[in-house]
Amino acid sequence: GAVVSQHPSWVICKSGTSVKIECRSLDFQATTMFWYRQFPKQSLMLMATSNEGSKATYEQGVEKDKFLINHASLTLSTLTVTSAHPEDSSFYICSAIGGGGPRGEQFFGPGTRLTVL
Amino acid sequence: QQQVKQSPQSLIVQKGGISIINCAYENTAFDYFPWYQQFPGKGPALLIAIRPDVSEKKEGRFTISFNKSAKQFSLHIMDSQPGDSATYFCAATTEYNFNKFYFGSGTKLNVKP
């Protein structure tokens, strides 16, 4: 149980285009989902926290208009990278809280590798 | 300011040896300390976690040692195997703000056959 999926697992796009990444909790309702960004050989950087039905809370330094987050249901959150540029290339990981796990436990998705040409 | 400091950055251990990764934190309000294992190209997976009411937690070959007074916790991997080769992250969070996980910088473990 407590499985989180992401789609796509990798994407290559041209500079200036927008890319949508989906994060789904497959077998539980996720009250809260998180989006992280990870650069090679570095730790996870929290970008934003999203709660179902409300606006996402962005971390300092993360552009809200650049990284659009929508948490439309208890099982789905989406991250849209708008007008992507090469510097947006990164590994994006979502996680979710819920699933009856211990308080505070986050379940991570497998990640999405974004490459902007 | 880095809330959780992790060391070493990389670690090489012979098969069958003990791998030890250390983390230190500043915020005494932290009350949940998980360790995550991440393989290349994959998301992190929860390995083991501890709360400050105990000083040690063991699950199979993995043990967390927790020193509340020193604000330190460590991961011990006994009988390390090549399949344990991965990057390990410690993290910390609080009951009142469990939305916010503070991650260590990661340790790349290489277990040599």
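The figures that follow rest on heavy atoms only: side chains count, while hydrogens, waters and symmetry mates do not. Below, read A as the first sequence line, B as the second, and so on, with proteins coming before strands; counting in each chain starts at 1. Bear in mind that the values here come from a model prediction, so they are computed numbers and not experimental data.
Surrounding CG of Asp53(B) are more than 12 heavy atoms belonging to other residues, nucleotides or ligands, all under 6.0 Å away. Applying the 6.0 Å contact sphere to CD of Glu87(A) captures more than 12 heavy atoms from other residues, nucleotides or ligands. Atom NZ of Lys66(A) is surrounded by more than 12 heavy atoms from other residues, nucleotides or ligands within 6.0 Å.
A chain of hydrophobic side-chain contacts below 4.5 Å, direct or via other Ile, Leu, Val, Met, Phe, Trp or Tyr residues, connects Leu44(A) to Tyr32(B). Hydrophobic clustering (ILVMFWY, side-chain heavy atoms < 4.5 Å, transitive): Val4(A) and Val11(A) are in distinct clusters. Linking Ile, Leu, Val, Met, Phe, Trp and Tyr whenever their side-chain heavy atoms come within less than 4.5 Å puts Tyr58(A) and Met47(A) in one cluster. Linking ILVMFWY side-chain heavy atoms closer than 4.5 Å, directly or via other members, places Leu47(B) and Ile20(B) in two distinct hydrophobic clusters.
When all heavy atoms of Ser43(A) and Ser105(B) are compared, the closest pair comes out as CB-CA, 3.9 Å. The heavy-atom pair separating Gln106(A) from Tyr36(B) by the smallest distance is O-OH, 3.7 Å.
Contacts of Gln38(A) with chain B are made by side-chain atoms alone, with heavy-atom separations under 4.5 Å and no backbone atom involved. Interface residue Phe89(B): only side-chain heavy atoms are found under 4.5 Å from chain A. Residue Pro34(B) does not touch chain A at all, counting heavy-atom pairs closer than 4.5 Å. Proximity to chain A is limited to the side chain of Gln38(B), based on heavy atoms less than 4.5 angstrom apart.
Rounding to the nearest 0.5 Å gives a distance of 5.5 Å between NZ of Lys41(A) and NZ of Lys108(B).
Residues Phe101(B) and Tyr36(A) have side chains in contact (heavy-atom distance under 4.5 Å, counting atoms from C-beta outward).
Interface remark: of the candidates Pro44(B), Gly106(B), Ala49(B), Ala91(B), Pro44(B) forms the most heavy-atom pairs closer than 4.5 Å to chain A.
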